[in-house]
Amino acid sequence: MSKQNIYDNELFFENFKRLRGEELNFNDVIETPIILGMMPDLMDKKVLDIGCGMGQHAMQYIKMGAKSVLGIDISEKMLAFAKENNSAENIIYRRLAFEDLEEITETFDVITSSLAFDYVQDFGKLMKKIYNLLNVNGKIVFSMSHPISTAYDGVYDRYTRTENGKRLYANLHNYGIEGIRKIHWVVNGYELYHRTFSTLVNELVSAGFIIEECQESKLPEEIRKSNEDLFGGVIHQPDFIFFRCCK
Ligand SMILES: C[S@@+](CC[C@H](N)C(=O)[O-])C[C@H]1O[C@@H](n2cnc3c(N)ncnc32)[C@H](O)[C@@H]1O
C-alpha cells in the first residue's frame with residue numbers, strides 16, 4: 001500500500017465523521033489534551049500540520065498564538081470539512097500527501113501531526129523530509145497509534161475477557177513482525193502499518209532528531225471508570241504514542 005486515501009471513501013468518511021463528532025471520542029478525550037500539553041510555545045510560530053483532517057488542531061494552534069498554520073491532507077472530504085468548519089485568516093489548507101512533502105518550499109518552526117503517521121509506509125524517509133522542513137531548533141510533535149495497539153490481527157478479540165466480558169488482558173499478535181495490518185476499524189479491511197517501538201525511536205534518531213519527550217495515552221481514572229465500555233481498554237493497552245523532538 002502506498003498513499004491510501006480511505007478518508008475519501010463515502011462510507012468511511014461518514015462513519016469517521018460521526019465517531020469524531022461524538023461527545024466522548026478518543027481524539028478529544030485522549031489524544032488532544034496530551035499533544036497540546038507537549039507543544040512548545042506557539043506564539044508567532046509557523047506551524048505545519050500533517051494529516052490535518054477536519055482542522056480542529058489547526059484552529060487550536062491559531063488560538064495558542066501561532067502566526068500561521070499550513071494544514072495538509074490527502075483527503076478532499078476532510079479538507080472540505082476543515083475549510084467549512086475550522087477556517088481562519090492565517091490557516092491555509094492544502095491537498096498534499098505526506099509522501100510528497102518535498103513539494104513544500106518553505107520551512108517551519110513547528111511541525112505536528114495527529115494520528116496520521118499510521119498510514120506511512122516508510123517512516124524513516126518521512127522523518128528525514130520533516131527534518132529538512134524545520135528551521136534550526138524547530139520541533140516536531142506528533143501522535144500515532146501505539147506499537148502495542150497496532151500489534152493486532154483484527155481476527156480475534158483484542159482482549160482476553162472474563163466470562164462476563166470484562167477485559168482481563170490485551171492480546172498482542174506478532175509484535176515483532178512489522179508491516180501492513182488489516183483490521184476492522186470504522187470499516188472492514190482498514191489498513192495501517194505496524195512498527196515496533198525501537199524502530200520509531202531509531203528512525204527519529206537516524207533522521208537527526210533529539211527526542212525530548214515521549215508519552216503514551218492515559219486517562220484520568222474518573223473518566224475511565226465512568227465510561228468503562230468505551231475507555232476500559234486504556235489501562236491494559238495504550239492506544240497512542242506521542243513524541244516531541246528537536247532539530
Ligand atoms: C485519524 S485522521 C486524523 C485527522 C486529524 N489530524 C485529527 O487528529 O483529527 C488521519 C488523517 O490522515 C490523513 N492522511 C492519511 N494518509 C495521508 C497521506 N498519505 N498524506 C496526507 N494525509 C494523509 C487522512 O486523510 C486523515 O485526515
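Source: prediction; values computed, not measured. Numbering of ligands and ligand atoms starts at 1, following listing order.
Closest to atom 5 (C) of ligand 1, if we only count protein heavy atoms, is G51 O, 3.5 Å. At the shortest separation from atom 1 (C) of ligand 1 among protein heavy atoms lies Y7 OH, 3.0 Å. Protein heavy atom closest to atom 12 (O) of ligand 1, with residue, atom name and distance, is A116 CB, 3.5 Å. Among protein heavy atoms, the minimum distance from atom 19 (N) of ligand 1 is reached at E99 OE1, 2.9 Å. The closest protein non-hydrogen atom to atom 25 (O) of ligand 1 is D73 OD1, 2.6 Å. If you check which protein heavy atom lies closest to atom 15 (C) of ligand 1, you get Y119 CD1, 3.4 Å.
No part of S113 comes within 4.0 Å of ligand 1, judged by heavy-atom distances.
Residue K3 has no nitrogen or oxygen atom sitting less than 3.5 Å from a nitrogen or oxygen atom of ligand 1, judged on distance alone. Below 3.5 Å of separation, one finds an N or O of I74 facing an N or O of ligand 1. Looking at F98 next to ligand 1, an N or O pair under 3.5 Å apart turns up.
Listed by number with element, the atoms of ligand 1 under 4.0 Å from a non-hydrogen atom of A97 are 20 (N), 21 (C). Residue contact check: L115 has heavy atoms under 4.0 Å from atoms 1 (C), 10 (C) of ligand 1. Counting the atoms of ligand 1 from 1 in the order shown, those under 4.0 Å from a heavy atom of C52 are 5 (C), 6 (N). Within ligand 1, the atoms closer than 4.0 Å to a non-hydrogen atom of S114 are 3 (C), 5 (C), 6 (N), 8 (O), numbered from 1 in the order shown.
For the pair Q4 (side chain) and E191 (backbone), a donor-acceptor distance under 3.5 Å is present. At least one donor-acceptor pair under 3.5 Å links the side chain of T162 to the backbone N or O of K166. Formation of a donor-acceptor pair under 3.5 Å by the S206 side chain with backbone atoms of N202 is found in this model.
Contact analysis leaves M54 out of contact with ligand 1, as no non-hydrogen atom separation drops below 4.0 angstrom. Residue R20 places a heavy atom under 4.0 Å from ligand 1. Proximity of L96 to ligand 1 is established by a heavy-atom distance of less than 4.0 Å.
Taking the six-membered ring for Trp, Y152 and H194 have ring centres at least 6.0 Å apart. Within the 6.0 Å centre-distance limit, the rings of F231 and F26 are counted as a close aromatic pair.
Side-chain atoms of S68 and N90 include no donor-acceptor pair closer than 3.5 Å.
A salt bridge between K3 and D100 is present, with a side-chain N of the basic residue lying under 4.0 Å from a carboxylate O of the acidic one. Salt bridge D73/R94: absent, no basic N to carboxylate O contact under 4.0 Å. Salt bridge absent: K125 and E99 never bring a charged side-chain N and a carboxylate O closer than 4.0 Å. Salt bridge D8/R95: present, at least one basic N to carboxylate O contact under 4.0 Å. The pair R18-E14 fails the salt-bridge criterion, with no side-chain N (NZ, NE, NH1 or NH2) lying under 4.0 Å from an Asp/Glu carboxylate O.
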